[in-house]
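Structure first, then comments.
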Amino acid sequence: MSSRVEATLDACRTEGRGALVGYLPLGFPSIDESIEAAVALVENGADILELGLPYSDPVMDGLVIQQATEKALANGFRLRDAFGAVKEITDRVSAPVLVMTYWNPVVQYGVEKFARDLKQAGGAGLITPDLIPDEAQQWIDASDKHDLDRVFLAAPSSTDTRLAETIRVSRGFVYAVSTMGITGARADVDTAAHNLVSRLRNAGAKHVGVGVGISTREQVVEVLDYAEGAIVGSAIVSALGDSGVSGVASIAARLSGRSEVQGVARHT
Amino acid sequence: MLRDEQGPYFGEFGGRFVPESLIAALDELSLAYDACKIDPGFQAELMDLHRTYTGRPSIITEVPRFAAHAGNARILLKREDLNHTGSHKINNVLGQALVARRIGKTRLIAETGAGQHGVATATAAALFGMECVVYMGEVDTVRQALNVARMRLLGAEVIPVTTGSRTLKDAINEALRDWVANVDNTHYLLGTVAGPHPFPYMVRDFHKIIGEESREQVLEMTGALPDAVVACVGGGSNAIGMFHAFLDDPSVRLIGYEAAGRGVDTPEHAATITKGRPGVLHGARSYMLQDEDGQTLESHSISAGLDYPGVGPEHSWLNDLGRAEYRPVTDDEAMHAMRLLSRTEGIIPAIETAHALAGALELGKELGPESVILINLSGRGDKDMETAGKYFDLFDGVES
């Protein structure tokens with residue numbers, strides 16, 4: 001098994017930095033704009049893309065992402081649109097693309113078929129916020145067969161036994177949930193995040209991404225001091241909602257510490 | 001024995017499809033409940049509360065004038081409507097609140113649709129001196145304004161949920177989000193036999209007293225087991241509580257009545273088992289109403305308590321095993337049965353419960369005059385006067 005996500009995280013390390021993982025939901029505000037926004041996100045510093053599939057019952061998400069994905073569904077987003085969008089994005093940028101999805105859409109599409117079509121579209125794997133390793137055998141089999149990454153979540157409340165199991169079955173990275181809560185910007189990244197990453201290290205984790213509540217360059221820098229990846233979602237979604245694709249380009253440049261914004265002319 | 005199933009799986013249904021952040025709390029709850037289950041002290045405390053606060057055992061009422069419209073079958077009502085707070089919901093709420101107190105939680109959160117479970121939870125919080133927050137879809141806070149007032153009078157904070165379809169399913173999402181952020185001091189007092197393990201199993205256990213009492217009472221009254229045991233099914237808590245004691249009595253037919261709303265051939269219904277297919281919702285695999293992509297569909301029922309696009313995993317299992325049957329009843333059929341029981345017996349049932357009564361009117365004709373049908377009269381209709389008043393034009397003018 002070769003993980004493009006792990007290779008990207010390692011390459012960033014070699015350059016002496018951590019990776020910025022940027023989240024956007026597909027279909028918000030429309031399929032085309034979400035594709036342009038994803039491309040702008042990478043052109044302006046995201047090393048890895050996390051593309052969310054809009055879902056009717058997103059229990060892990062805060063208001064910003066809930067409202068964006070509700071709008072995507074109201075605008076007619078369909079699951080089958082996702083693969084074409086991933087294909088178009090992966091044709092245009094080299095950053096690996098992980099899809100973030102709640103589990104029922106995958107079950108209804110067919111786990112095996114979903115894995116096959118995601119691979120064909122150039123996707124790198126899945127982040128599954130409501131699928132724990134204990135329930136994931138079908139996905140583990142399908143992702144092995146199609147050589148896809150599988151990113152499971154670890155929480156401050158997880159026991160050491162569970163952390164070890166999560167590390168064992170994850171590929172790409174382990175998604176360390178920074179705080180006991182849902183997605184959305186917070187003033188401070190919880191010290192719980194640092195503790196959790198230390199516990200994951202002690203249990204043998206080589207690749208860890210920290211997410212939930214990270215919205216500023218300062219927080220990204222803080223997290224990348226001890227983790228391979230910093231995951232930013234709601235702040236980027238807000239920028240897209242407020243200022244369109246150029247807003248995404250600006251915040252991505254800011255989050256990745258770049259002084260200049262790339263490719264914005266095309267979007268204005 | 002079918003009665004011995006304790007999750008996390010009921011056949012291919014059930015499980016735990018929730019964020020990792022909740023697993024520690026679910027494990028803690030499972031361990032605590034399993035300890036309570038075999039602790040005579042816990043069971044004695046709960047039974048004492050049921051005797052002195054809930055008003056258990058609830059009685060059985062035979063309803064011959066109603067039965068005259070049901071092929072003259074013998075119809076017996078298990079009167080859960082006479083419990084404190086007006087429905088079966090209190091059975092589960094007192095049990096879970098006791099467990100929560102044991103594991104040191106000081107804050108209860110709950111979802112509610114019709115408001116019955118919210119009122120019951122607010123009641124338990126008041127009784128035990130705990131903080132209480134109830135999530136309720138904005139649409140339901142309007143439909144059930146009286147229950148919102150009751151909860152607030154009891155000291156609970158009611159938070160209207162304005163995302164998604166603004167009904168029960170979204171209230172559950174919001175309660176889960178609260179729980180993810182506050183598991184340290186908070187117990188999520190889930191109100192039905194859905195959700196991740198151990199909820200379907202634990203909530204069922206707290207309600208199985210309904211069927212256990214009924215089984216003895218009916219045997220004493222008639223000298224035999226009933227031919228059929230029926231109940232309405234939304235999430236399915238009153239039905240599983242009634243069915244459970246009879247699961248291993250093969251002569252007893254078990255029938256759950258789902259809300260067919262404006263008809264199962266329209267999009268406006270909540271007939272989850274009749275029209276849905278298996279999927280994952282609110283932490284468990286079960287039958288659910290969903291589109292081709294697995295997006296949850298909005299349900300419809302005139303009764304807020306049945307207006308839910310999912311159902312408990314144990315019901316899905318019993319359906320696939322063929323041990324229980326699930327049939328649809330429309331809004332109109334339920335409202336007709338509500339009025340009929342009111343006028344023939346002087347008992348105003350909840351609209352939820354009226355679905356089971358409507359089902360029994362047909363079932364009695366199928367089974368004939370020698371048959372005995374036991375109905376779980378799960379709740380009283382006081383909360384439904386606004387809806388009934390509009391439906392029957394009771395407020396001004398002459399009833400049609």
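Per chain, numbering begins at 1; letters A, B, ... match sequence-line order.
You'll find the side chain of B:Y326 stays beyond 4.5 Å of the side chain of B:Y287, heavy atoms only.
Interface remark: A:V107 contributes side-chain atoms only to the contact with chain B (heavy atom separation under 4.5 Å). Neither the backbone nor the side chain of A:T159 comes within contact range of chain B; no heavy atom of the residue lies under 4.5 Å from a heavy atom of that chain. Proximity to chain B is limited to the backbone of A:P54, based on heavy atoms less than 4.5 angstrom apart. Of the atoms belonging to A:L63, it is side-chain heavy atoms, and not backbone ones, that fall under 4.5 Å from chain B. Heavy atoms closer than 4.5 Å to chain A are found in both the backbone and the side chain of B:E292. Contacts of A:P105 with chain B are made by both backbone and side-chain atoms, with heavy-atom separations under 4.5 Å. In this structure, chain B has a heavy atom under 4.5 Å from the backbone of A:A154, while its side chain stays farther away. Contact of B:P8 with chain A is not made at all, since no heavy-atom distance falls under 4.5 Å. In this structure, chain B has no heavy atom under 4.5 Å from any part of A:Y109.
Across A:D57, A:I182, A:I132, the residue that shares the most heavy-atom pairs under 4.5 angstrom with chain B is A:D57.
Ring geometry for A:H194 versus A:Y226: interplanar angle under 30°, hence parallel rather than tilted (30 to 60°).
Between the side chain of B:N319 and the backbone N or O of B:I273, no donor-acceptor pair lies under 3.5 Å.
Proximity to chain A at a heavy-atom threshold of 4.5 Å picks out nothing from residues 103-115 of chain B. For a heavy-atom cut-off of 4.5 Å, chain A lies close to B:L176, B:R177, B:V180, B:A181, B:V183 in residues 176-196 of chain B.
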task = Let me see the working for A:D134 and B:R16 under salt bridge (charged side-chain N to carboxylate O under 4.0 Å, His left out), right down to the final yes or no.
result = CA-CA 8 Å; A:D134 322 46; B:R16 280 181 175 175; over 6 Å; no
query = Going through the checks in order, is the side-chain contact (heavy atoms from CB on, under 4.5 Å) test met by B:V203 and B:I240?
reply = CA-CA 9 Å; B:V203 175; B:I240 210 75; over 6 Å; no
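For the 3.5 Å distance criterion, the side chains of A:Y55 and A:D61 fail to qualify, holding no donor opposite an acceptor. Side-chain atoms of A:E112 and A:H146 form a donor-acceptor pair, as typed in the model, at a separation below 3.5 Å. Side-chain atoms of B:T163 and B:D170 include no donor-acceptor pair closer than 3.5 Å. Side-chain atoms of B:H282 and B:N173 include a donor-acceptor pair closer than 3.5 Å. Side-chain contact, B:E258 with B:T274: a donor N or O sits under 3.5 Å from an acceptor N or O.
Look at A:E228 and A:R201 and you find a salt bridge, because one of the NZ, NE, NH1 or NH2 atoms lies within 4.0 Å of a carboxylate O, short of that distance. The residues B:R166 and B:D140 are annotated as not salt-bridged, no charged nitrogen and carboxylate oxygen being separated by less than 4.0 angstrom. Using a 4.0 Å cut-off between charged side-chain N and carboxylate O, B:D293 and A:R80 make no salt bridge.
Here the CD-CZ distance, from B:E5 to B:R204, works out to 8.5 Å after rounding to the nearest 0.5 Å.
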